[in-house]
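Everything on this sheet refers to the single structure shown next.
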Amino acid sequence: MSGSQLWDDVDFYFTSHLSPDDEALQAALRESEVNDLPHVNVTANQGKLLQLLAQLQDARSILEIGTLGGYSTIWLARALPADGRLISLEYSARHAEVAVRNIARAGLERLVEVRVGPALESLPKLADENPAPFDLVFIDADKANNPHYVEWALRLTRAGSLIIVDNVVRGGRVADADSREPDVVGTRAAIELIAAHPRLSGTAIQTVGSKGYDGFALARVLA
């Protein structure tokens with residue numbers, strides 16, 4: 001059995017027992033596929049991990065940078081209390097339209113707001129609103145801007161908040177210090193920012209599964 005087939009089989013076993021998709025989640029994936037959205041959404045077991053992390057944070061407010069079709073948004077929003085709030089930033093208006101439909105189908109439209117436009121334009125506008133600090137920030141957008149997203153996450157959180165950066169392994173390319181590829185340069189800069197910043201304590205985890213070889217970084221905001 002090949003390594004990738006084994007990863008798929010293990011993912012299927014874990015997902016079927018611990019994080020099975022329900023109709024709303026399955027519909028979100030179908031709608032994304034029908035509308036030709038990129039196949040880069042989190043897997044079901046990764047979505048369940050996001051939900052559990054939000055629950056462990058006792059999160060009442062979540063910021064997501066990168067909505068895509070709203071699949072991860074649904075997992076995260078389900079961790080919120082009835083008076084919780086999730087703001088998701090999406091560059092593409094077409095992707096946002098799909099996400100809004102998927103979120104409404106899941107019955108979460110009252111908790112979730114999708115804002116359209118480049119995140120580095122949306123984030124200053126959000127900061128100008130002086131929102132209550134976010135308890136969790138999930139970063140899953142263009143990787144070249146990862147360090148900027150981490151910096152904005154720090155501005156919009158509090159001591160004890162959790163910042164999650166997805167897709168940090170880049171197929172192993174993150175270890176290449178000589179790479180000039182924007183996604184690798186941006187991801188390395190974000191990791192090094194987390195390592196050096198006095199207000200962050202973080203780690204990164206490598207993963208394998210049905211989406212291949214990848215990983216994510218976690219950073220807790222300190223006082």
Side-chain angles (χ1 to χ4, degrees), residues 28 31-32 35-42 50 54 59-77 80 84-104 108-158 161-168 170 174 180-194 196-197 199-200 202 216-219 221:
E31 185 82 1
S32 296
N35 285 276
D36 295 321
L37 270 62
H39 294 276
V40 293
N41 53 274
V42 302
L50 291 174
R60 304 184 68 83
S61 61
I62 296 172
L63 173 62
E64 179 181 48
I65 303 175
T67 317
L68 195 60
Y71 184 76
S72 58
T73 317
I74 293 170
W75 280 108
L76 285 165
L80 289 170
R85 182 189 192 198
L86 190 156
I87 295 177
S88 190
L89 309 180
E90 173 53 44
Y91 177 84
S92 166
R94 187 170 67 86
H95 294 178
E97 289 175 4
V98 175
V100 168
R101 290 198 298 270
N102 288 334
I103 290 161
L108 297 165
E109 67 272 23
R110 187 174 53 81
L111 297 176
V112 178
E113 178 187 359
V114 178
R115 300 189 180 188
V116 179
L120 291 181
E121 295 178 9
S122 299
L123 287 162
K125 295 175 184 177
L126 176 60
D128 287 344
E129 297 171 15
N130 195 29
F134 291 96
D135 302 308
L136 185 148
V137 179
F138 178 48
I139 299 171
D140 189 14
D142 57 306
K143 311 311 174 186
N145 282 313
N146 272 343
H148 303 303
Y149 297 146
V150 172
E151 290 170 345
W152 275 106
L154 264 173
R155 289 187 57 177
L156 293 164
T157 51
R158 55 167 176 79
S161 294
L162 180 66
I163 300 170
I164 306 167
V165 186
D166 202 12
N167 307 127
V168 298
R170 314 310 299 157
V174 71
R180 294 296 177 265
E181 296 175 84
D183 63 326
V184 174
V185 172
T187 299
R188 286 177 62 89
I191 294 295
E192 291 161 19
L193 172 61
I194 292 170
H197 203 288
R199 291 189 58 224
L200 289 173
F216 57 92
L218 295 169
V221 181

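Every heavy atom of this structure was used, including side-chain atoms; hydrogens, water molecules and symmetry mates were not.
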**Message:** Could you check whether atom CZ of Arg94 has more than 12 heavy atoms from other residues, nucleotides or ligands sitting under 6.0 Å from it?
**Reply:** yes
**Asked** Do Tyr91 and Asp142 get their side chains close enough for a donor-acceptor pair, meaning under 3.5 Å?
**Response** no
**Message:** Just so I know, are the side chains of Glu64 and Ser72 near enough to count as touching, which here means a heavy-atom distance under 4.5 Å?
**Reply:** yes
**Complete:** The single option from Leu126, Leu123, Thr157 that satisfies side chain to side chain contact (heavy atoms under 4.5 Å, CB included) with Trp152 is Leu123
**Prompt:** Would a 4.5 Å heavy-atom cut-off, applied to side chains only, mark Phe138 and Ser88 as touching?
**Reply:** no
**Message:** If I take atom CD1 from residue Ile87 and atom CZ from residue Arg115, how far apart are they, to the nearest 0.5 angstrom?
**Reply:** 4.0 Å
**Prompt:** Can you name the one residue among Arg158, Arg199, His197 that meets side chain to side chain contact (heavy atoms under 4.5 Å, CB included) with Val221?
**Reply:** Arg199
**Request:** Taking only Lys NZ, Arg NE, NH1 and NH2, and the carboxylate oxygens of Asp or Glu, determine whether Glu121 and Lys125 approach each other closer than 4.0 Å.
**Result:** no
**Request:** Report the residues that fulfil salt bridge (Lys or Arg N to Asp or Glu O under 4.0 Å) with Glu109, sequence neighbours left out, ordered by chain and then residue number.
**Result:** none
**Prompt:** Taking C-beta and beyond as the side chain, do Val168 and Val174 meet within less than 4.5 Å on heavy atoms?
**Reply:** no
**Message:** Exactly one of Ile62, Leu63, Leu50 should register a side chain to side chain contact (heavy atoms under 4.5 Å, CB included) with Leu136. Which one does?
**Reply:** Ile62
**Request:** Kindly indicate whether the side chain of Leu86, heavy atoms from C-beta on, has any atom under 4.5 Å from the side chain of Thr73.
**Result:** yes
**Asked** With sequence neighbours left out, what residues match Asp183 under side-chain hydrogen bond (donor to acceptor under 3.5 Å, both in side chains)?
**Response** Arg170, Arg173
